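Worksheet: one structure, shown below.
Please read these numbers as outputs of a predicted model, since none were measured by experiment.
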Amino acid sequence: MNMFEAEYARKDRENEVREVMRASEIKKLLASQQTNAKNDNQSVRNAVGSKLVEWGERLQDGQSAPKPATLKI
């Protein structure tokens with residue numbers, strides 16, 4: 001191998017390493033985004049579920065259902 005081929009091979013390896021590092025960072029960011037979305041979905045489900053339980057208890061106690069215009073979750 002001459003000097004130009006060695007330099008080209010070295011640069012090519014550096015580019016491959018950079019690409020692998022970039023791909024791993026992207027995968028890590030996507031994984032963290034998915035876990036955050038799951039946590040957000042779970043908290044929304046918990047909030048809606050607790051509100052539904054509250055409304056069900058109110059209806060069982062004989063109170064009226066909340067009006068849609070004044071409904072707050």
Side-chain angles (χ1 to χ4, degrees):
M1 260 207 247
N2 64 25
M3 194 166 81
F4 294 115
E5 289 175 345
E7 183 68 21
Y8 178 77
R10 186 181 65 78
K11 294 255 186 204
D12 194 36
R13 280 192 302 273
E14 287 176 358
N15 288 338
E16 287 175 356
V17 168
R18 266 192 229 110
E19 184 63 32
V20 168
M21 295 297 287
R22 187 167 85 57
S24 68
E25 286 181 32
I26 289 172
K27 285 180 184 179
K28 185 171 46 171
L29 288 173
L30 288 175
S32 68
Q33 251 183 348
Q34 287 175 347
T35 57
N36 288 341
K38 286 180 185 177
N39 292 339
D40 290 344
N41 288 341
Q42 188 63 35
S43 64
V44 169
R45 280 190 214 136
N46 289 341
V48 170
S50 65
K51 193 53 94 167
L52 288 174
V53 168
E54 177 189 330
W55 292 340
E57 289 172 351
R58 286 179 62 188
L59 289 173
Q60 286 179 346
D61 291 341
Q63 297 175 1
S64 64
K67 305 283 187 237
T70 61
L71 186 62
K72 292 182 182 176
I73 296 179

Interatomic spacing from CD1 in Ile26 to CE in Met21 - rounded to 0.5 Å: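 Here the interatomic distance stands at 12.0 Å.
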Starting at CD of Glu19, measure out to OG of Ser24 and round the result to the nearest 0.5 Å.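 Output value for this atom pair is 10.0 Å.
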Any salt bridge linking Arg13 with Glu16? Criterion: basic side-chain nitrogen under 4.0 Å from a carboxylate oxygen.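 No, Arg13 and Glu16 are not salt-bridged.
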Test: Glu14 and Lys11 ion pair at under 4.0 Å: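 Between Lys11 and Glu14 there is no salt bridge, as every charged N stays at least 4.0 Å from the carboxylate O atoms.
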Are there more than 12 heavy atoms of other residues, nucleotides or ligands under 6.0 Å from atom CZ of Arg22?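 Atom CZ in Arg22 is not crowded, with 12 or fewer foreign heavy atoms closer than 6.0 Å.
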Set out, in order, the CA-CA distance, both residues' side-chain angles and the distance that settles salt bridge (Lys or Arg N to Asp or Glu O under 4.0 Å) for Arg10 and Glu7, then state yes or no. CA-CA 5 Å; Arg10 186 181 65 78; Glu7 183 68 21; 2.5 Å; yes
Cluster partners of Leu29, using ILVMFWY side-chain heavy atoms under 4.5 angstrom, listed by chain and number?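 In the cluster with Leu29 there is nothing else; it is isolated.
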